[in-house]
Structure formats: C-alpha cells, structure tokens
Student: 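The following block contains the structure, expressed as structure tokens.
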Protein chains: 2
Amino acid sequence: MAGPVATRDKIVGSALELFWERGYEATGISDIVERAGVRSGSLYHFFENKEHVLVAVLETYQAALIPHIFDPPFQRERDPLERIFAVLADYRNRLLTTAFKYRCPIGSLALEVGPVSERARVLIDANFAAWRAAIASQLSQLRLRRGNDPASLAAFVLTVMEGGVMQAAAHRSAEPYDESIAHLRAYLTSLLK
Amino acid sequence: MAGPVATRDKIVGSALELFWERGYEATGISDIVERAGVRSGSLYHFFENKEHVLVAVLETYQAALIPHIFDPPFQRERDPLERIFAVLADYRNRLLTTAFKYRCPIGSLALEVGPVSERARVLIDANFAAWRAAIASQLSQLRLRRGNDPASLAAFVLTVMEGGVMQAAAHRSAEPYDESIAHLRAYLTSLLK
DNA sequence: GTCTATAGGATGATAGAC
DNA sequence: GTCTATCATCCTATAGAC
C-alpha cells in the first residue's frame, strides 16, 4: 500500500491508457512512468519488463469486461437480442465520442502484439472468449431455427464489431459500422423462429 | 536506375515485408536498410522520413490489390457470389500457410498508424474503398432482393473478413474465421431472389 | 517501496566525400 | 545515387542509496 491509489495500479492504468492511445510499441516506459507520476525504479520493482506490464493491462481488461462493457447495456435492455444490439450501440457511441479515433484495445493489441508475445496472445484470446461467452449467453435465450449454434453466432457478432470498428476508424465515419450492424441485425432476425 | 531492381523498390519492398511481419513502430530504419542491402543514406535520398516510407508501402498495396488479391480468385470462379467466397478462401489459405500468424497488412496498419498519421489513414481508407469496390462490382451482378445495396453489402463483406482474420490470429485456429464466413454465406444467399 | 543516477545500446536522421 | 561516419536523442533496464 502506498496511498489512495497504489503505485502498481497507477502504472497499469497509465499503461492501459497509453497502449490504447498510441499502441504498445509507440509507448515508452518513460511515457508510462511520467503519466503515472512515479519513477522508473517503481515500475521495475513491480514488473520485470514492458511485456509484463502488457500482461497486467490485459488482465485488467479481462476483469473490466463484464462490469464495463456488458452490465450497462444489459441493464438497459431486457430482450436478449436487444441486449446484443445495445452492446453494439455502446461501441458506436465510443466511435462518436472519440471523433472516430476509437479502436477496440483488444483488437488493436491482437494485431500488434499477438504475433510477437505468446503470453499476450493467450490473454487476448481469453478476452475474446469472454466477450463471445457474454453474447452467446444471450443468444442461447433466443428461439433460434435449428442448426444455429449460439457460440458460432457469438464469434460472428464479435467479427462484425471488430471489422466494423476498424473500417469506421479508417473512414472517420460511422457509416461502415452502421451498415455492418444493420446487416447483422437482418441476419440474426432471420434466424429467429 | 541502378541495376536489375532499383534501390527505391528494394527499400519499399523490404519495408512492406517488415511492417507486415513486425508492425510499423517495431520496424527500425536500420532493419529496412539491412534487409534491402543498402545504406541509410540511400533511404534518406528517396524518402524524407519513416512516415514517407510508410506512404510508399501503402501506395504499393493499393497498386497490388487487383492483380494480387482479386484477379486470381476471379479467374478461378465465374459466378459473382462464388468469386467473393473465392477471395475469402484465399485469406483462409493465408492463415493456414502462416500458421495463423497472418494479419491483414492494411487492417493492422489501420489500427496501428491510422490514429497518428493522417496521410497514412487516408491511404488505408483508399485501400479499403478499392477492396469494397471490387466486391461491390460482383454483388451488383447478383439478383438481390429489393433494398439491398451492393456498396453497403461490400462493406459488410470487408467487415467479416477483417474481424474473422483478427479472431483467427488471436485463436491460432481457422475456426472463428470459418464460422464467420459460413454465416456471411448464409446471409448473402438469403438475399438472392 | 521509492528514489536518483546512469549504463549500454539502439534510434531516426544528417553531413559530406565520392 | 551511394557511400562512410556520426550526431543527438531516446530507449529499456539496472545499481544502489534511502
């Protein structure tokens, strides 16, 4: 313990922000300690190296997934299908409130560090799996036509979110995201009994 | 001119490979000139800085898009719908032949440098637009039910490719990609008259 | 646990000869 | 256009006092 916010948490929180804003490679240890308001000695007291900071950031994302990404939209909506589109509407809001600079932090790290850090890749995969599980639990409450597996459909929902956010960021417009979500809705609706 | 392969082309080709293998930030000027077999003075003769090398790489991708990504699958298949899935089958092969380390180079650069280099972001957006146009030209040859816009559907196809490749790389398995493509096929088929 | 100070190497970029 | 040589800075990581 070291005061109202523990030093380790300040370091992880600053790294989380910076990796999201600039990416992993573009963020220096010096940037992290500067934003956290600590010295590099403190960072290296808690973490062996920069990759271990990344691991802590990915564990933080995983812990925040249900309370931050799923609980608010699931509170707003009752219908399982509408809950899924409420989650996707929240991502749309993130695009708007960041002037289309929003990138999914997990998706960005998947492409940037997945190939070079196996430990990070496993944690990114776990984040994706938890995201799919939350969607699949709603899909399994729907009356789907035979042959439609909630887990497989949840992977499709994640695919559409990630691909839609990527295109919207590149296009600096919500249009590709909105179009993709509209097609997803048409498809999921067509699968209902 | 400077021999069988011009120096500038060697630099751009090496940078293209390295940005794809390691990403933009993780690639140093020294890596690029080493792989190209030239000295840094040559690189700075042709390019003002590293960002200008990135611009040349993105222009190279754009020029290669039709001949490398679309012509081969379009030669193999005649039916417009099967042409689209032949393109997507080629991406699946890239996943397999790279042991699931394949990342779409444009998608990766979209997330990594899109937010920091506006000139790169515009070129990435142009690459995406050309990709969508090639798909839309096939979709417009299909007899689609009313209200289905080829351009909007092409954005959905790109969304599914990018999101599916991302998940497959994180999962080190073709499964999330295959599931996503299967759902896309079910959806597109349902739109045919 | 936190600090100061710094090692040791890599980085992007430049100068100027040829 | 290509080369050698190098600057100035930044980087990750460490050592050791407190």
Side-chain angles (χ1 to χ4, degrees), chain A residues 1-60 109 112-113 115-120, chain B residues 1-60 109 112-120 123:
Chain A
M1 287 276 263
V5 177
T7 299
R8 203 194 111 105
D9 291 346
K10 286 197 283 188
I11 291 166
V12 174
S14 300
L16 185 147
E17 290 175 13
L18 286 160
F19 293 166
W20 179 74
E21 290 169 18
R22 308 181 195 174
Y24 177 71
E25 291 289 348
T27 297
I29 298 284
S30 55
D31 299 321
I32 297 169
V33 298
E34 188 183 333
R35 183 168 300 196
V38 303
R39 311 295 144 237
S40 78
S42 295
L43 187 147
Y44 284 101
H45 171 74
F46 290 108
F47 302 100
E48 264 186 47
N49 52 39
K50 192 176 158 186
E51 188 186 1
H52 285 233
V53 178
L54 172 63
V55 165
V57 165
L58 289 168
E59 287 167 347
T60 301
L109 290 171
E112 188 182 5
V113 303
V116 295
S117 167
E118 176 63 11
R119 201 168 160 197
Chain B
M1 285 276 264
V5 177
T7 298
R8 201 194 113 104
D9 290 346
K10 286 198 283 188
I11 291 166
V12 174
S14 299
L16 183 147
E17 289 175 13
L18 287 160
F19 292 166
W20 180 74
E21 289 168 19
R22 309 181 194 172
Y24 176 73
E25 291 288 347
T27 297
I29 297 285
S30 55
D31 300 321
I32 297 169
V33 298
E34 188 183 332
R35 183 168 297 198
V38 303
R39 312 295 143 241
S40 78
S42 294
L43 188 147
Y44 283 101
H45 170 73
F46 290 106
F47 301 100
E48 262 186 50
N49 54 38
K50 193 177 162 188
E51 188 186 2
H52 284 233
V53 178
L54 172 64
V55 165
V57 165
L58 289 168
E59 287 167 346
T60 301
L109 290 171
E112 189 183 3
V113 303
V116 296
S117 166
E118 176 63 11
R119 201 169 160 196
L123 284 165

Student: Look at the side chain of B:F46 and decide which nucleotide, out of D:dC3, C:dT2, D:dG1, has an atom nearest to it.
Tutor: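 Per side-chain heavy atoms of B:F46, the pick is D:dG1.
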Student: Which side-chain N or O atoms in residues 20-30 of chain A pair as donor and acceptor under 3.5 Å with protein atoms at least two apart or in another chain?
Tutor:
{"residue": "A:W20", "atom": "NE1", "partner": "A:R103", "partner atom": "O", "Å": "2.8"}
{"residue": "A:E21", "atom": "OE1", "partner": "A:R35", "partner atom": "NH2", "Å": "3.1"}
{"residue": "A:E21", "atom": "OE2", "partner": "A:R35", "partner atom": "NH1", "Å": "2.9"}
{"residue": "A:R22", "atom": "NH1", "partner": "A:D31", "partner atom": "OD2", "Å": "3.4"}
{"residue": "A:Y24", "atom": "OH", "partner": "A:E51", "partner atom": "N", "Å": "3.3"}
{"residue": "A:T27", "atom": "OG1", "partner": "A:L18", "partner atom": "O", "Å": "3.3"}
{"residue": "A:T27", "atom": "OG1", "partner": "A:G23", "partner atom": "O", "Å": "2.7"}

Student: Can you give one letter per nucleotide of nucleotides 11-18 of chain D, going 5' to 3': B for a protein heavy atom under 4.0 Å from the base, S for sugar-phosphate only, - for none?
Tutor: SSBB----
Student: Taking all non-hydrogen atoms of both residues into account, name the closest pair between B:S40 and B:V33 and its distance.
Tutor: CA-CG1, 3.9 Å
Student: Mind calculating the distance between CZ (B:F47) and P (D:dG1) to the nearest angstrom?
Tutor: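 It works out to 12 Å between those atoms.
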Student: To the nearest 0.5 Å, tell me how far B:L109 CG sits from B:S117 OG.
Tutor: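 The distance works out to 10.0 Å.
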Student: Of the non-hydrogen atoms in A:G37 and A:R39, which two are nearest, and what is the gap between them?
Tutor: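 Nearest heavy atoms, A:G37 then A:R39: O-NH2, 4.1 Å.
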Student: Flag the pair B:L58 / B:V55 as yes when at least one side-chain heavy-atom distance between them is below 4.5 Å, and no otherwise.
Tutor: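 They are not in side-chain contact.
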Student: Considering only heavy atoms, which members of residues 52-59 of chain A lie under 4.0 Å from some atom of DNA chain D?
Tutor: none
Student: Determine: side-chain N/O of A:H45 to OP1/OP2 of C:dT2, distance under 4.0 Å, yes or no.
Tutor: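 Indeed not, no polar side-chain atom of A:H45 lies that close.
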Student: If only side-chain N and O atoms of B:R39 are considered, is one of them under 4.0 Å from the OP1 or OP2 phosphate oxygen of D:dT2?
Tutor: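 For D:dT2, OP1/OP2 do not have a side-chain N/O of B:R39 under 4.0 Å.
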Student: Using the test side-chain hydrogen bond (donor to acceptor under 3.5 Å, both in side chains), find all partners of B:E34 that sit at least two apart in sequence or belong to another chain.
Tutor: none
Student: For B:F47, which residues count as a side chain to side chain contact (heavy atoms under 4.5 Å, CB included) partner, sequence neighbours excluded?
Tutor: B:R8, B:I11, B:V12, B:L43, B:H52, B:V53, B:A56
Student: Is the closest side-chain heavy-atom distance between B:F19 and B:I32 below 4.5 Å?
Tutor: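 Heavy-atom side-chain distance check passes, below 4.5 Å.
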